[in-house]
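For reference, the structure discussed in these notes is given below.
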2 protein chains.
Amino acid sequence: MLTDRQLLILQVIIEDFIQSAQPVGSRSLSKKEEISFSSATIRNEMSDLEELGFIEKTHTSSGRVPSELGYRYYVDHLLSPQALKKNEMQLLKSVYAGRIYELEKVVQKAAKILSELTNYTAIVLGPKVKDHKLKKIEIVPLNSETAIAIIITDTGHVENQLITLPSSIDMSEIEKMVNILNDRLTGASMSDLKDKIYKEVAVLLSQHIRNYGALVSTLAESLTSTRPEKLFFGGKTNMFRQPEFHDIHKIHSLMSMIEQEQGFYELIKQNPAGINVKIGRENQISALEDCSLITATYSIGADQVGTLAVLGPTRMEYSRVISLLSTFSNDLTALLTKLYQKP
Amino acid sequence: MLTDRQLLILQVIIEDFIQSAQPVGSRSLSKKEEISFSSATIRNEMSDLEELGFIEKTHTSSGRVPSELGYRYYVDHLLSPQALKKNEMQLLKSVYAGRIYELEKVVQKAAKILSELTNYTAIVLGPKVKDHKLKKIEIVPLNSETAIAIIITDTGHVENQLITLPSSIDMSEIEKMVNILNDRLTGASMSDLKDKIYKEVAVLLSQHIRNYGALVSTLAESLTSTRPEKLFFGGKTNMFRQPEFHDIHKIHSLMSMIEQEQGFYELIKQNPAGINVKIGRENQISALEDCSLITATYSIGADQVGTLAVLGPTRMEYSRVISLLSTFSNDLTALLTKLYQKP
DNA sequence: GTTAGCACTCTACATCAATGAGTGCTAATA
DNA sequence: TATTAGCACTCATTGATGTAGAGTGCTAAC
């Protein structure tokens, strides 16, 4: 495969380009400390690396730029893990600061810190609601036709949903219903709710409430309408600073995509546990063809509940971001496990 | 003051520039239908209009561009109200579509429609929470130290807040407290809560709960911590399409400002009832110096609860946007009044 | 196998002239 | 007296031209 010298050159080219955003030439390479051979030699090696598809020219007589394949190889084989600086660690630890018990707030803050630390855009997915346990259900009638159903989970997450009441129902019936629901469903995981409602609760309701059929299905639907996990963003406008996005059309399509959210939801959700790196067109989305997305999952106990992600240009500081994400996801997992996994 | 001919010329210049985004010259003006005199005459008039500060040149031999003063005069005196098209009306009415009872959803949808109709950025402020009436309070303990307080208003708005419990409290005390709170506070307007808690509720609580002092103040603070009215955006990225924002730095500072939200909150909140137009630097914010902001307030009954706003370039279709906003704010007021103002 | 040297390529930048849309001014016109 | 035609002038835009600099590929020498 590649000789040690080729690997060295590839690595130096990529790291130089990540720094400078400028094509790297043989002469400027030969001046580097790490490199002890002449520019002509480098040119020969570069020519081979280009033939192998790891680097590219922007025009016939330009310096070289890493290709997606080059980045991929770099990420898979050449990456030197980078220790975090003290102040980075400090900022990172500040997620713990203050007494935050609300999961969403922790996660929102995580996105903010991550974007500040990287100067890229941070996206945090989660936490998955369906693995949470139901703490309490409340139903508050607003008028004769509608009521608000409120669901509280053990993680402090509150959800509410408007439901339509059958016209015949009266207050005492609602009260009974709420009691039954809480009695039977408290402690159940959110994903089991629907099942339990039909299997356990329906029978009970039928004994106390006229017209229970419509109500049961309304309830079942509204309590479990799979509300997707929320996305939290940090540093949405950070990409404006990257020279590759000084082009109006590129930054427009990128910002539009960020605004849509949906696309990122799909993109991030599908990642398996651990650290994942998607480079440029590996993301399969044209607005992201100059971007890389690095994701890291986090968990509560053994349950993977969400994902941290950093979106940057393909010319991204992979090594730093990967270190950051890996540390952060571990810390976050530890924090959340401590807070929410009751023995 | 200005002659009729000068007014005509000013109007045509502005409307042409709004259309084309290009400086308007005397010769191209003279070719317009509305204009029956020669380019030389126009040049003379233009010269006067420039001296008066209504129009400007971008360089010594360029056509003219409206100044902020010009737009201001146009908005105040020359605007011809523009009837809405049928499909515009239709889209506008679609806010009513479906049974939406949740105020926030209505308002969010309003922002979306407004941005689609104008191709500018829409911002909707409100609804003000403090004028809503309390429907119910619920307190759900999560563990021995923390609980979640949930507040439901008559408009279907649900708020929740983490509170810290005094270490000595037990379940039955919490239950008593919730009963007292609901008993005393239901139907009170949100802005009165704090007062009432100290004046009416504190005494009662003291009779039933040990250590009530700390709890009362925690409650009072967390129930009334003036959560500002939310901002809803539509078409955040629409400004990318405006040629005046093809400059990276301009669009960057604008998007950053939109991302911050806070600035717009201040800006929009302060507007008096009715339609208001702020042109360019009238907004006092450098990121908005090429923008105009048109606001329209909406109400529930006689209470002004929020504001619709459209942010566009100074070269904005004032007439169309004003018509839209005015119709929309009336419709929205009517809708909300019907839905939420119970006799 | 490595390197020095050289011809060649391409970008970036500056200069220059031509074009065209615009202006201001003046003198003729109605 | 108000309007207009005519003209000299200005400036942005465009395309052509030239040059400097950074880069490459190739060949021949080490």
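Throughout, a chain's letter reflects where its sequence line sits, starting with A, and its residues are numbered from 1. Both backbone and side-chain heavy atoms feed into the values below; hydrogens, waters and symmetry mates do not.
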Any sub-3.5 Å donor-acceptor pair from T327(A)'s side-chain atoms to S323(A)'s backbone N or O?
yes

Expressed as a whole number of angstroms, how long is the span from K31(B):NZ to dG22(C):P?
8 Å

What nucleotide, of dT9(C), dT4(D), dC11(D), holds the atom closest to the side chain of T41(B)?
dT4(D)

Look at the side-chain N and O atoms of S38(A) and state whether any lies under 4.0 Å from the OP1 or OP2 oxygen of dT3(C).
yes

Side-chain donor-acceptor contact under 3.5 Å, T41(A) with S38(A):
yes

For dT3(D), does either OP1 or OP2 sit under 4.0 Å from a side-chain N or O belonging to R5(B)?
yes

Minimum-distance nucleotide (side-chain atoms of A40(B) versus dG24(C), dT4(D), dT9(C))
dT4(D)

Rounded to the nearest angstrom, tell me the gap between atom CD in E45(A) and atom P in dT24(D).
13 Å

Residue-phosphate contact under 4.0 Å: S39(B) side-chain N/O, dT4(D) OP1/OP2:
no

Measure from the side-chain heavy atoms of R43(B) and tell me the nearest of dT23(C), dA12(D), dG23(D).
dT23(C)

Separation of I35(B) atom CD1 from dT3(D) atom C1', in whole Å?
15 Å

Any S61(B) side-chain N or O less than 4.0 Å from OP1/OP2 of dA21(C)
no

note: D48(A), atom CG; dT24(D), atom P; distance rounded to Å ~ 14 Å

Could you walk me through whether I14(A) and I18(A) pass the side-chain contact (heavy atoms from CB on, under 4.5 Å) test, one step at a time?
CA-CA 6 Å; I14(A) 291 181; I18(A) 284 176; 3.8 Å; yes

So if I take every side-chain heavy atom of S28(A) and compare against dT23(C), dC10(C), dG23(D), which nucleotide ends up nearest?
dG23(D)

Between T58(B) and N44(A), who's closer to the 5' end of DNA chain D by nearest nucleotide?
T58(B)

Looking at dT24(D), dG23(D), dT2(C), which one has an atom nearest to any side-chain atom of K57(A)?
dT24(D)

Does S62(B) place a side-chain N or O at less than 4.0 Å from the phosphate oxygens OP1/OP2 of dC11(D)?
no

CZ of F17(B) versus P of dG22(C): gap in Å, rounded?
14 Å

What's the CD1-C1' distance between I42(A) and dG25(D), to the nearest Å?
15 Å

Write down the distance between NE2 (H59(A)) and P (dA12(C)), rounded to a whole number of angstrom.
7 Å

Choose from dG24(C), dT9(C), dG25(D) the nucleotide whose nearest atom is closest to any side-chain atom of R64(B).
dG24(C)

Using whole Å, what does the distance between atom C1' of nucleotide dT23(C) and atom CD of E50(B) come to?
10 Å

Is it the case that more than 12 heavy atoms not belonging to K278(B) sit under 6.0 Å from its NZ atom?
no

Electrostatic pair E244(B):K250(B) at N-O distance under 4.0 angstrom:
no

